[in-house]
Student: 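Can you keep this structure in mind? I'll have questions shortly.
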Amino acid sequence: MSELWRPSAERIANANLTRFMRCVTARTGRPLDDYDATYAWSLEQPAQFWTELARFAGVRADFGEGPVIEHPTQMPGARFFPAARLNFADNLLRFADEHPALVFRNERGTRRALSGRELRAEVARIAAGLSAAGVAAGDRVAGYLPNLPEAAIAMLATASLGAVWSSCSPDFGVHGVLDRFGQIQPKVLFTADGYFYAGKTLDSLGPMAEVLGKLTHIERVVVIAYVAAKPELARLGPAAARASHWAEFGTRGAPLRFAPQPFNHPLYILYSSGTTGVPKCIVHGAGGTLLQHQKEHLLHTDLARSDCLFYFTTCGWMMWNWLMSGLATGARLVLYDGSPFHPDPGVLWRMAAEERITVFGTSARYLASLEKSGFTPAGAVDLTALRALLSTGSPLLPEGFDFVYRSVKADLQLASISGGTDIVSCFALGCPVRPVYRGEIQCRGLGMAVDIFDDDGRPVRGERGELVCTAPFPSMPVRFWNDPDGSRYRAAYFERFPGVWHHGDFAAITPHDGIVIYGRSDAVLNPGGVRIGTAEIYGAVEALPEIVESLAVGQDWEGDVRVVLFVRLKSGVELTEELRQRIRATIRKETTARHVPARIIAVPDLPRTLSGKLTELAVRNVIHGLPVKNVDALANPGSLEHFRNLPELSS
C-alpha cells in the first residue's frame with residue numbers, strides 16, 4: 001500500500017508518545033527509540049508498561065501494595081491492580097477552572113458550553129439527587145438520551161457514587177430499551193422529552209411511558225427539557241408519580257464527593273447488537289476503562305489540554321463512552337445531536353471550523369456517504385486547526401483513505417481504529433509518529449498482544465485470518481450481567497482458541513506492521529473454500545457513482561457457496577445488465593475473480609442494527625429461509641421483506 005501521509009520531525013518530537021518513551025527510558029534504562037521498540041516492551045513487560053502509563057497519565061488512584069497483574073498468564077482470570085482503589089469521575093473531573101469542558105451543538109443551530117467548574121457543580125448537584133434517591137455503589141442508573149451535556153453529567157454523577165451507568169439513544173424504541181434495561185434493572189432512569197433528527201421533532205415521553213409501565217422496578221425518573229421548555233410529566237402515565245424535572249433534581253451547591261472503589265468495580269454496562277438474540281450485557285470496570293482510554297487518548301491520539309475533540313456518536317455506541325474519557329486529558333469535548341446531513345452535508349464541517357476542532361471522529365459509513373453527497377470540506381471550510389481524523393464502526397476502505405486526503409485535508413493523520421463494545425476500546429489504532437498507508441490501520445495498540453491466527457490457531461503473517469489477542473489487558477469485561485458462572489463470557493471470546501481472546505474479525509498484519517480488517521469473521525464468504533472478506537467487495541462496488549451502498553452474503557448452492565450482492569442504487573438509477581456487468585468488471589479488477597458475485601440484486605433498503613451497522617447475518621438467514629432471532633435489534637426490520645422469496649436466488 002502506498003504512503004499517504006508522514007508526520008513531520010517537529011510533530012514527532014512534540015508527541016505525547018515521544019515524551020512517554022523518553023520518560024520510560026529515563027526511569028527504567030530500557031532504550032525506546034521508536035514505536036516498534038515501545039510496542040515490544042509493552043508486551044514483554046506488561047506490569048511495567050501499565051504502571052508507567054498510569055504514572056505518565058497522572059491517574060488519580062491509591063494503587064496499594066502487591067502485584068500489578070494477578071494471575072498474569074490466565075485469560076480470562078487475570079486481574080490488573082487488584083489492590084488499587086480509585087474513582088472514575090474523579091479522574092475525568094480533575095479540571096475545575098473556566099476552561100471549556102463541554103460544547104454542545106445540534107442540527108438546529110443550538111450551542112451551549114460548560115466550563116470545568118460548571119461541569120463539576122452540575123455533577124455534584126445530580127449526584128446529590130441520586131444519593132437522596134437511594135443510589136449507592138453497584139446500583140444501576142440508566143439514560144435514554146440524546147447526546148446532551150446532561151447525559152455526560154448524569155454518567156459522571158453516577159460514577160462519582162460508584163454506581164453503574166448504562167445508556168441507549170432514543171432511536172432504540174421500546175423493545176430495544178426493554179431488551180437492555182429490563183435485564184439490568186436500573187434504580188433511576190434519565191430521559192429527555194424528545195430529540196431532533198433530519199428536521200423532525202421526535203417524542204421520547206410516549207415510548208418512555210410504555211417502557212416504565214413494564215419496568216416497574218425503576219424508582220425515580222428524571223426528565224430533561226430539550227424539545228419543550230417544561231415537559232409535562234403527566235405524559236409518563238402512572239410513572240409520573242416517580243418523575244421529576246432535571247432542573248429541580250438534586251441539591252444546588254452540594255459538595256462534590258468521589259467514592260473510591262476497587263480497580264475492577266463496575267462502571268458501565270454496554271450491549272452487544274442483539275441480532276442473534278437478546279443483547280449480551282457487557283460489564284466494564286472503572287480502572288480498566290480509564291487506563292485503556294488514557295492510553296488511547298494520550299499516546300495514540302496525542303490529545304492535550306489545548307485540543308478540541310469531537311466524535312459523531314450517540315449514547316448507544318461505545319464511542320460515546322470513549323469520547324467522555326477525553327475529559328481526563330483536559331481537552332474540550334464537542335457533543336453533537338442530530339443528523340450529520342441536515343440541513344445539508346456540510347453541517348459537521350462548518351461546526352468543525354467554528355469550534356476549531358483538532359481531532360474529528362466519525363464512522364467509515366459517514367465518510368462514504370459524505371463522498372457520495374458531493375460535499376468537499378477542503379474547498380468549503382477552514383480546517384487549519386484539524387490535525388487528525390478518526391474513523392471506526394466498519395473497515396475504512398482504501399478508497400475512503402483517498403477521499404479523505406483528496407477532499408478533507410492533505411496534511412492530516414487519518415487514524416482508522418478498530419476494537420469494539422466488547423473491550424470498550426481498541427485493538428488497532430492510530431500512531432502519531434508513524435506514516436499512514438492507504439487502507440491500513442497504523443498499528444496494534446500498546447499493551448495489546450494482537451495477532452492473526454489461521455484456522456488451526458497458528459500465528460500467520462502475509463495471510464488473512466482471525467484477529468486474536470494472546471495476553472490479558474485491563475479493559476477485558478469484568479463479566480456479563482446475569483452470567484454467574486462466567487460460561488457465557490467464556491463462550492463469547494475463548495471457545496474458538498482456549499486461553500486466547502478471539503475477537504471475530506477477519507484481518508491481516510501488513511508488511512508495515514499495520515492492520516487491515518476485511519470484515520466480520522461470521523460474515524466472511526467462502527466460495528470454493530476460499531475465505532473472502534465482504535469489505536473488499538464493498539470497496540470496489542461502492543466506488544461506482546450509481547451505488548449508494550451494498551451488502552454481500554454467501555448463499556448455499558449446489559454443494560458450495562456462491563456470492564450474492566445486494567445494492568442500493570441512487571435515486572433514478574436502474575440496475576440494467578450493463579450496470580451489472582460494470583459492477584462485476586470493477587470487482588474483478590479491484591479484487592479477484594472469486595470475489596465476483598454470481599447474482600446482483602437491487603433492493604430499496606438494507607437492514608442495519610440500532611447502532612447503524614449493516615447486518616449480513618440477518619440477510620443470510622432470510623435468503624435461506626431461517627428465522628432472524630431478534631428483529632427488534634434492527635433499526636429498520638421492515639427492510640428484511642425485500643430479501644424474501646427472491647426469484648433470482650432460485651436458479
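Quantities reported herein were computed from a predicted structural model and do not represent experimental measurements. Reckoned from all heavy atoms, side chains included, excluding hydrogens, waters and symmetry mates. We number each residue from 1, following the sequence as shown.
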Student: Quick one, His245 and Leu233 - any side-chain contact, counting heavy atoms below 4.5 Å?
Tutor: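 A side-chain contact exists here, since the closest heavy-atom pair is under 4.5 Å.
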Student: Could you list all the salt bridge (Lys or Arg N to Asp or Glu O under 4.0 Å) pairs where at least one residue sits in residues 284-296, not counting sequence neighbours?
Tutor: none
Student: Pair up each side-chain donor or acceptor in residues 17-24 with any protein partner under 3.5 Å, not counting sequence neighbours, and list the distances.
Tutor:
{"unit_1": "Thr18", "atom_1": "OG1", "unit_2": "Ile12", "atom_2": "O", "d": "2.5"}
{"unit_1": "Arg19", "atom_1": "NH2", "unit_2": "Asn16", "atom_2": "OD1", "d": "3.2"}

Student: Measure the spacing between CG of Leu299 and CG of Leu429 and express it to the nearest 0.5 Å.
Tutor: 10.0 Å
Student: Any side-chain heavy atom of Thr314 within less than 4.5 Å of one from Trp320?
Tutor: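 The answer is no; the side chains never approach within 4.5 Å.
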Student: Which distance, rounded to the nearest 0.5 Å, do you find between the OG of Ser167 and the CG of Asn321?
Tutor: 6.0 Å
Student: Does any non-hydrogen side-chain atom of Leu130 lie less than 4.5 Å from one of Thr158?
Tutor: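 Thr158 reaches Leu130 side chain to side chain.
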Student: Mind checking whether Val211 and Tyr144 have side chains closer than 4.5 Å, heavy atoms only?
Tutor: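 The answer is no; the side chains never approach within 4.5 Å.
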Student: Check for me whether the distance between the ring centres of Tyr336 and Phe104 falls short of 6.0 Å.
Tutor: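 No - the distance between ring centres of Tyr336 and Phe104 does not fall below the 6.0 Å cut-off.
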Student: Give me the ring orientation class for Trp322 and His297: parallel if the planes are under 30° apart, tilted from 30 to 60°, perpendicular past 60°.
Tutor: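 Judged by the thresholds at 30° and 60°, the geometry between Trp322 and His297 is perpendicular.
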Student: Using 0.5 Å steps for rounding, measure from the CD atom of Glu122 to the CD1 atom of Ile153.
Tutor: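 With rounding to 0.5 Å, CD (Glu122) is 5.0 Å from CD1 (Ile153).
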Student: Is there a donor in the side chain of Ser475 and an acceptor in the side chain of Ser425, or the other way round, less than 3.5 Å apart?
Tutor: yes
Student: Looking only at the aromatic ring of each residue, does the gap between the centers of Phe473 and Trp50 stay below 6.0 angstrom?
Tutor: no
Student: Just to verify, what does Phe341 make a ring pair (Phe, Tyr, Trp, His ring centres under 6.0 Å) with, not counting sequence neighbours?
Tutor: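 Scan of Phe341 (ring pair (Phe, Tyr, Trp, His ring centres under 6.0 Å), adjacent residues dropped) gives Tyr366.
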Student: Heavy-atom distance under 4.5 Å between the side chains of Thr191 and Trp246, does that happen here?
Tutor: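 Side chain of Thr191 against side chain of Trp246, heavy atoms only: no contact under 4.5 Å found.
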Student: Per the salt bridge (Lys or Arg N to Asp or Glu O under 4.0 Å) rule, what does the pair list look like for residues 311-335, sequence neighbours excluded?
Tutor: Arg332-Glu355
Student: How would you list all residue pairs meeting salt bridge (Lys or Arg N to Asp or Glu O under 4.0 Å) that involve residues 180-196, not counting sequence neighbours?
Tutor: Asp139-Lys187
Student: If only side-chain N and O atoms count, and only distance matters, is there a donor-acceptor pair under 3.5 Å linking Ser131 with Arg257?
Tutor: no
Student: Can you check whether Leu156 reaches Leu327 side chain to side chain, under 4.5 Å on heavy atoms?
Tutor: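 Of all side-chain heavy-atom pairs linking Leu327 with Leu156, at least one is under 4.5 Å.
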Student: I need the Thr51 OG1 to Phe80 CZ distance, nearest 0.5 Å.
Tutor: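 Taking OG1 in Thr51 and CZ in Phe80, the distance rounds to 10.0 Å.
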Student: Report the distance from atom CG of Leu161 to atom CG of Asn87, rounding to the nearest 0.5 Å.
Tutor: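 Going from CG on Leu161 over to CG on Asn87, the span is 8.5 Å.
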Student: Side chains of residues 212-227: which donor-acceptor pairs under 3.5 Å do they make with residues two or more places apart or in other chains?
Tutor:
{"unit_1": "Arg220", "atom_1": "NH2", "unit_2": "Ser244", "atom_2": "OG", "d": "3.1"}
{"unit_1": "Tyr226", "atom_1": "OH", "unit_2": "Asn106", "atom_2": "ND2", "d": "3.0"}
{"unit_1": "Tyr226", "atom_1": "OH", "unit_2": "Asp337", "atom_2": "OD2", "d": "2.8"}

